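Below you'll find the structure, written out as structure tokens, and then a few comments.
The model shown is predicted, which means the values in this text are computed figures rather than measured ones.
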Amino acid sequence: MHHWFRITGLAALIGLGIAAEAGAQSILPGPTLAGVRQRDVLSCGAAPNAPGFGAPDSRGVYRGMDPDICRAVAAAVLGDARKVRFTPLTSQARFAVLQSGEIDLLPRTVTWTHSRDTAVGVNFTAVIFYDGQGFLTRRNPAVRTARDLAGATICTFAGSTSELNLADWARANNIRYNPVVFEQNDEARIAYDAGRCDAISTDASQLIGLITAMSNPAEHHVLADRISKEPLTPVVRQGDDQWNDIVRWTIFALIEAEELGVTSENAEAMLASPDPAIRRLLGNAGDHGPMMALDRRWAYNAIRAVGNYAEIYERNLGAASGINLERGINALWNRGGLMYSPPIR
């Protein structure tokens, strides 16, 4: 009886595997995917001015980590990274605009928190940057740590975790400060540069980006203190698991591509690779695209369009960007960081 169960159980599992493989061919697009295809454009939220993460260039074209994630998803879904539309959003408005259906995807320096994940009607996909809140100040021997900002006027942002974290940090450390709250990065930067604030407090990566836009960048630096965890994660509406999967696994594919050495330049040549993991990533093995109602080349199209995670990082935050932010914990898991993709198999 025991052996019979093992044999029939194995047969059932094999049967389920065959059924799943066949079923992958007939999966229909869910509501968000269908809407994107009908419009033939992917609509994404964007930060108005967050250097390195989302800001228009001199020609008005959005650049940064977040816009590149949007383009990668457009390439995976529509086969063309240019089929994107960006809507600049404040921190306070971003979730309401996503919930209303005005945008399909919100990759806009959004921190994954419990209350947002459970009570705002959104789902978080995959972390694209691990950050922490810090303090931007003028270089001053009297201000070596954040605690030296006691009594200072500190700029931060309405409707953000930065505003809440700053209040929590001050309360926990019995520090008094004068908050000045703004809607936009640019407003805070201008106020700080003009001397209205002694410091700006938000995600450290954004602070480093803001320095590049100061009238005299050499006068400013970011203190070493970090007062929070800020896992920045693109967001989708709740209620469409397929779309959630598409966005999440497109991000994972970019991370997996870096680990496997697949780049925007060599992706076509890599189609001939005998490596099973590369074959699955690029659509030569398995039905991983059709399982999400996508083409088998979904990941290949995304990688060819925007590059792997390392290429995206270097272009927007690395030396090539002028921000020159070290990878740190955003390195791959096998290089001392936290970036890790579950297996595509």
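- For the pair L89 and L106, the minimum side-chain heavy-atom distance is below 4.5 Å.
- Checked against a 6.0 Å centroid threshold, the rings of Y177 and W169 do not count as neighbours.
- When only modelled atom types and interatomic distance are considered, T263 and N308 share no side-chain donor-acceptor pair under 3.5 Å.
- Contact annotation: the side chain of S91 approaches that of R108 to within less than 4.5 Å [non-hydrogen atoms, C-beta and beyond].
- L325 has its side chain within reach of S205: a pair of non-hydrogen atoms, C-beta onward, lies under 4.5 Å apart.
- The shortest side-chain heavy-atom distance between N178 and D198 does not fall under the 4.5 Å cut-off.
- Counted by atom type alone, R304 and Y300 present one or more donor-acceptor pairs between their side chains at under 3.5 Å.
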Handout entry: Chi angles and distances behind the ring pair (Phe, Tyr, Trp, His ring centres under 6.0 Å) call for Y62, F86
Key = CA-CA 8 Å; Y62 264 89; F86 296 104; 5.5 Å; yes
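- D245 and Q242 share no side-chain donor-acceptor pair at under 3.5 Å.
- The closest side-chain donor-acceptor pair between E230 and T111 falls under 3.5 angstrom.
- For the residue pair D203/Q133, the side-chain donor-acceptor check at 3.5 Å is not satisfied.
- Side-chain contact check for V122 versus L98: some heavy-atom pair is nearer than 4.5 Å.
- Put simply, the side chain of D66 does not reach to within 4.5 Å of the side chain of P234, judged on heavy atoms.
- Residues R147 and N173 approach most closely at NH1-OD1, 2.8 Å, considering heavy atoms.
- Inter-residue side-chain proximity for V247 and F124 is flagged as unmet; no heavy-atom pair is nearer than 4.5 Å.
- Judged purely by distance below 3.5 Å, without hydrogens or angles, the side chains of N49 and Q184 never pair a donor atom with an acceptor atom.
- Screening residues 309-324 for side-chain hydrogen bond (donor to acceptor under 3.5 Å, both in side chains), with sequence neighbours left out, gives D68-R315, D68-N316, S264-E311.
- Counting heavy-atom neighbours within 6.0 Å of Q238 CD, excluding the residue itself, gives a total above 12.
- Remark: R138 is positioned above the aromatic ring of Y192, its terminal NZ or CZ atom under 6.0 angstrom from the ring centre and at most 45 degrees off the axis.
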